[in-house]
Amino acid sequence: MQFLSMGVNSMSVAPSQHLAVPSAPTFVAGQGVPLLDMGRGNGPIRDQTAAAIERVCQSGRFVLGPDCGQLEQSIAAYCQVPHAVGCASGSDALLLALMACGVGSGDEVLMPSYTFFATASAAWRLGARPVFVDIDPATFNLDVTQIEALVTPKTKAIIPVHLFGQCADMSAVDDIARRHQFHVIEDAAQAIGAERGGRRAGSFGHLGCFSFYPTKNLGGFGDGGLVTTADSEMAERLRRLRSHGMHPRYYHEVVGVNSRLDTLQAAVLNVKLPYRDAWTADRQANAKGYRELFAARGLDRVLSLPVAGSNCRHVWNQYVVRVPDGRRDALRSWLLDRKIGTEIYYPVPLHLQRCFSPLGYGPGSLPQSERAAGETLALPIFPELTADEQCTVVEAIAAFFDAAKGR
Ligand SMILES: Cc1ncc(COP(=O)(O)O)c(C=O)c1O
């Protein structure tokens with residue numbers, strides 16, 4: 001089977017969220033520590049994925065179909081919602097969600113600035129204005145105390161992002177949205193399976209948006225996305241919108257987009273779905289391992305380590321530390337020299353991206369987002385990372401700070 005050469009030979013990927021734009025060299029397993037090694041996850045399920053792909057190829061059905069329906073049902077159940085609608089990517093999930101809420105020209109959409117670009121571009125593409133909220137420095141999620149002051153009569157929706165795998169404070173968001181009557185669209189692209197107060201990501205808002213990009217906790221062999229909702233009318237609207245607003249065939253009352261989930265992706269994801277909680281447990285064990293190793297080296301007093309809230313199930317899509325005193329980039333190159341993969345999520349907050357300059361934000365407008373952009377560094381946390389590799393990462397960081405002290 002030639003299909004499965006991707007990620008089954010312990011192939012490592014460049015430590016970039018989007019593989020098309022690698023920002024550091026590819027690492028070879030066994031030399032250094034990769035930020036993410038998909039081959040280790042995909043290898044053990046190679047036969048199952050190969051069989052699923054073969055079955056789709058034999059069927060000749062490559063768009064939506066029963067595999068997609070099965071995935072939608074399984075993910076709806078997993079996310080504790082009645083409906084899920086597959087689509088072509090997490091970015092499209094956000095676009096479709098905003099379209100389903102009727103967001104358009106002149107509307108305002110609240111969202112964090114410290115997130116991946118897709119959160120804001122979806123609103124921008126519809127002619128709406130992203131209104132950026134600063135973040136809570138401890139969790140990297142929306143600072144909910146700042147939302148209300150930014151609400152205006154034009155506010156049509158808020159997109160809280162469950163960044164790095166931890167849910168935002170959804171009860172506070174929900175309370176404000178109810179009082180001001182606008183939609184809540186969760187950006188849960190990084191947070192499948194995350195919980196807050198026993199509720200799952202994707203079940204809090206009117207709509208929840210997920211990504212199956214390969215680096216996500218449930219990643220396919222390409223792009224894919226999905227929207228969850230408890231509202232059956234909303235689900236029906238999403239199904240039409242993802243197929244050019246068409247219903248019945250070749251009749252269009254609304255203009256939608258072409259954003260259907262590939263059957264091959266759905267088939268691969270159906271194979272992977274049963275492993276999601278075991279993989280999450282491995283990520284959680286790795287996060288605990290880092291905390292212990294950093295504490296043992298006294299580095300928890302030098303770096304700020306990420307925290308999981310007491311009522312949260314953090315799924316650790318990323319393990320992001322803060323490096324103070326402007327030393328983040330030097331530490332990153334030190335680790336790169338030792339073939340340890342890291343990434344900066346995200347070097348430029350969205351309010352300072354050049355394409356959003358017409359919005360009029362300048363440096364200093366969102367201080368916590370700007371500080372995070374200058375301090376954060378993501379370390380390897382993928383499920384199959386070994387204890388030895390974690391030690392290698394922590395020892396290399398310890399050596400960096402020792403060298404800085406001149407020891
Ligand atoms: C927070 C966030 N939102 C949206 C997206 C977009 O998902 P996709 O890459 O599947 O379009 C991503 C993925 O990178 C993300 O991390």
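Just so it is clear, the values below take in all heavy atoms, side chains as well, and ignore hydrogens, waters and symmetry mates. Ligands are counted one by one from 1 in listed order, and the atoms in each one are counted from 1 as well.
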Subject >> Interatomic spacing from CZ in Arg61 to CG in Leu264 - rounded to 0.5 Å >> reply: 13.0 Å
Original post:
Rounded to the nearest 0.5 Å, how far apart are OG1 of Thr215 and CE of Met38?
Top reply: 6.0 Å
**OP:** Could you list all the salt bridge (Lys or Arg N to Asp or Glu O under 4.0 Å) pairs where at least one residue sits in residues 91-110, not counting sequence neighbours?
**Re:** Asp107-Lys156
Original post:
Based purely on interatomic distance, does Tyr213 place a nitrogen or oxygen under 3.5 Å from a nitrogen or oxygen of ligand 1?
Top reply: no
Original post:
Based purely on interatomic distance, does Lys216 place a nitrogen or oxygen under 3.5 Å from a nitrogen or oxygen of ligand 1?
Top reply: yes
Original post:
Between the side chains of Asp169 and Ser171, does any donor sit under 3.5 Å from an acceptor?
Top reply: yes
Just which atoms of ligand 1 are under 4.0 Å from any heavy atom in [X]?
| X | answer |
| --- | --- |
| Thr115 | 1 (C) |
| Ala189 | 2 (C), 3 (N), 4 (C), 5 (C), 12 (C), 15 (C) |
| Val161 | 1 (C) |
| Gly90 | 6 (C), 7 (O), 8 (P), 10 (O), 11 (O) |

Original post:
Does NZ or CZ of Arg338 fall inside the cone over Trp334's six-membered ring, less than 6.0 Å from its centre and within 45° of the axis?
Top reply: yes
Answer side chain, backbone, both or neither: which part of [X] comes under 4.0 Å from ligand 1, heavy atoms only.
| X | value |
| --- | --- |
| Asp92 | neither |
| Ala118 | side chain |
| Thr215 | neither |

Original post:
Do Phe356 and Tyr361 have ring centroids that are under 6.0 Å from one another?
Top reply: no
Subject >> Phe140 and Phe164 aromatic ring geometry - parallel, tilted or perpendicular at 30°/60° bounds >> reply: perpendicular
